[in-house]
Amino acid sequence: MAIQDELLAKAREKFPADDDYDKIVAAYEFADKNHAGQKRLSGEAYIIHPISVALILLDWDMDRDTIVAGLLHDVVEDTNTSLLEVEEKFGHDVAVLVDGVTKVGQARAGRDDIDTYLPRTKDNLTKLLVATGADVRVIIIKLADRLHNLRTLEYQPRNKQLKKARESLEIFGPLADRLNMGRVRVEIEDLSFKYLMPHKYAELKKTIDTRISRSKQSLEDVRREVSGALTREGISFRVDGRIKSVYSLYKKLNKHPNIDEIYDLIALRIITDDVTSCYLVLGVLHQMYQPLPGRIKDYISRPKRNGYQSLHTTVETPKGQIVEFQIRTQHMHEYAEHGLAAAFHYNEQKIGGGSYSSKGLAPMPKELKWIQDLQCAAGKLRAGEKVDLDDLKVSLFSDRIFVYTPKGDILDLPAGAMPLDFAYQVHSDVAAHATGFTINGKIARFDTPLKSGDVVEVITRRNVIPHVDWLNKIATAHARDKLRSQLKKAGRLKE
Ligand code: MN
């Protein structure tokens with residue numbers, strides 16, 4: 001089916017009312033006319049891109065105006081069309097969305113030097129999100145836009161690939177994570193990682209595939225056994241498999257280099273009707289199999305910061321197989337996969353009909369309250385009031401930083417991490433012999449807090465051994481554990 005037909009068919013399916021459908025068709029025709037003659041680097045007609053973005057947004061069950069704005073998202077930036085024309089034809093709401101996406105794009109273009117680009121990007125993006133109206137649908141359109149650009153990144157020259165991939169990994173991945181759009185995050189991260197470190201990607205992908213095919217049969221046995229037990233208990237459920245993404249395996253291996261100790265390459269997901277059933281399932285599992293200590297996590301009573309909810313446990317079967325389970329309700333499942341987009345969907349269903357603007361946002365989990373803060377600040381800015389961005393505490397990225405080795409490998413560290421944290425993440429032996437560090441080519445103190453985009457080099461000397469004083473120059477538990485055991489071994493630290 002030609003992609004245009006796919007768009008029209010999907011639009012009709014999701015928007016049976018003529019009013020809605022006609023507006024989407026009008027947007028498609030308008031974009032098609034204005035992008036006429038333009039081509040992408042792949043040689044395809046340009047219109048394929050906005051159509052693809054609209055298809056992604058349709059998949060995420062977004063509202064009509066978001067689909068319309070998705071189709072129009074590049075007309076103001078890349079054609080002679082004015083925003084006013086968009087507003088006249090498609091209304092104020094759509095114009096605000098198109099304007100937001102355009103501004104986010106413009107302010108980020110034209111700065112090609114990646115080294116100076118990254119450290120400033122976070123702040124700029126935060127400010128932009130606020131200043132451009134901060135209708136959270138702008139972010140969602142931007143994510144769909146970026147996703148399609150990543151899917152077609154092969155046609156770009158290598159330097160552009162690297163720039164887009166880095167930016168995606170450092171900004172759009174965390175952004176999707178903060179919106180709890182798990183599926184999007186995984187795709188963005190894996191695509192970016194593939195372009196940044198192609199060999200590592202291929203190697204880890206192969207590792208995952210091999211291990212999956214090796215454990216397929218035994219996992220199927222466990223699945224059958226568990227299904228039987230849950231059915232006997234009268235619990236209604238379904239079981240899904242979840243395969244770890246390549247990039248998350250990469251990150252995990254940075255912390256725990258032994259792949260045999262990574263138990264969640266494949267996890268079984270049990271999806272039930274309600275919260276009580278989730279705890280019942282956990283109970284049944286723990287009666288059948290021995291749970292591993294320290295691996296039971298109750299994200300239902302204590303959701304993650306982005307609103308993610310599930311029970312996690314890792315068990316050992318009598319045959320010695322180690323399996324991770326994730327237990328959640330259908331609602332939690334949809335929210336974990338589609339995040340904010342799912343929140344929109346639920347809102348539509350609950351209230352039914354009408355356009356987004358008449359309803360406002362769905363009641364959001366408190367973990368997503370930052371979005372409301374953002375919108376509130378945006379409203380003030382539009383009204384000409386002053387907003388102190390620091391007061392906003394928009395902590396989009398404040399909890400993670402991305403740091404590079406001189407070879408260009410990426411390490412993902414918590415904010416506040418210092419050079420020794422970096423070194424211990426690279427390798428404990430390297431860290432143990434550290435005599436100094438350079439950050440971006442300049443000698444740096446041991447207690448310098450690292451920033452996203454920093455390139456860190458560890459200077460080592462054979463005769464150096466770890467010092468107790470280092471314990472004060474470390475921010476991560478991983479580094480602390482490694483250092484303590486090295487100190488004990490060297491007789492420099494008592495129990
Ligand atoms: Mn675009």
Side-chain angles (χ1 to χ4, degrees), residues 3-4 6-7 10-11 24 27-60 62 65-83 85-86 90 94-112 117 121 124-125 128-129 132-157 160-173 175-176 179 181 184 187-188 191-192 195 341:
I3 193 163
Q4 293 86 326
E6 197 183 333
L7 172 77
K10 262 212 182 123
I24 294 171
Y28 157 62
E29 286 168 352
F30 186 81
D32 193 34
K33 191 180 85 201
N34 283 285
H35 286 295
Q38 295 179 345
K39 288 214 183 316
R40 304 193 87 213
L41 285 183
S42 62
E44 288 174 329
Y46 193 86
I47 189 66
I48 303 279
H49 170 63
I51 292 179
S52 305
V53 169
L55 280 168
I56 292 172
L57 293 166
L58 278 162
D59 265 346
W60 295 350
M62 295 307 295
D65 282 351
T66 306
I67 312 292
V68 169
L71 284 164
L72 302 174
H73 83 271
D74 276 333
V75 292
V76 174
E77 192 170 359
D78 294 339
T79 77
N80 292 325
T81 316
S82 70
L83 191 64
E85 205 179 337
V86 171
F90 299 97
V94 170
V96 168
L97 293 176
V98 172
D99 188 38
V101 178
T102 309
K103 279 189 183 142
V104 173
Q106 274 170 351
R108 298 163 59 65
R111 234 186 288 134
D112 276 328
Y117 183 79
T121 317
N124 284 340
L125 187 67
L128 269 168
L129 291 176
T132 53
D135 186 322
V136 73
R137 293 178 298 173
V138 170
I139 311 178
I140 291 178
I141 297 169
K142 204 60 209 163
L143 282 172
D145 178 39
R146 178 51 58 112
L147 195 55
H148 184 247
N149 284 333
L150 285 174
R151 285 177 184 169
T152 51
L153 204 56
E154 60 184 295
Y155 302 105
Q156 298 284 340
K160 258 236 165 116
Q161 287 179 344
L162 288 175
K163 185 182 161 211
K164 288 263 172 201
R166 276 187 169 196
E167 187 186 87
S168 301
L169 203 56
E170 300 183 6
I171 307 234
F172 290 95
L175 198 54
L179 298 174
M181 297 172 75
V184 178
E187 193 179 347
I188 286 178
L191 280 168
S192 308
Y195 283 98

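Start at 1 and go down the list; that is how both ligands and their atoms are numbered. Bear in mind that the values here come from a model prediction, so they are computed numbers and not experimental data.
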Side chains of residues 30-43: which donor-acceptor partners sit under 3.5 Å, not counting sequence neighbours?
unit_1 : atom_1 : unit_2 : atom_2 : d
Asn34  : OD1    : Thr81  : OG1    : 3.0
Asn34  : ND2    : Phe30  : O      : 2.8
His35  : ND1    : Gln38  : OE1    : 2.7
Gln38  : NE2    : Asp78  : O      : 2.8
Arg40  : NH1    : Thr152 : OG1    : 3.1
Arg40  : NH2    : Asn149 : OD1    : 2.9
Ser42  : OG     : Glu44  : N      : 3.3
Ser42  : OG     : Glu44  : OE1    : 3.4

Residues which pass side chain to side chain contact (heavy atoms under 4.5 Å, CB included) with Glu187, listed by chain and number, not counting sequence neighbours: Leu147, Arg151, Leu191
Those residues that, when tested against Ser52, pass side chain to side chain contact (heavy atoms under 4.5 Å, CB included) (two or more places apart): Ile3, Ile48, His148
Spatial distance of atom CZ (Arg137) from atom CG (Leu57) [nearest 0.5 Å]: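 Nearest 0.5 Å value for the CZ-CG distance: 11.0 Å.
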Side chain proximity check, Arg166 to Tyr195, heavy atoms < 4.5 angstrom: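 Heavy-atom side-chain distance check fails, nothing below 4.5 Å.
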Residue pair Tyr46 / Asp74, side-chain heavy-atom distance below 4.5 Å: yes
Closer than 2.8 Å to the Mn ion (ligand 1) - protein N, O or S atoms, ordered by chain and residue number: His49 NE2, His73 NE2, Asp74 OD2, Asp145 OD1
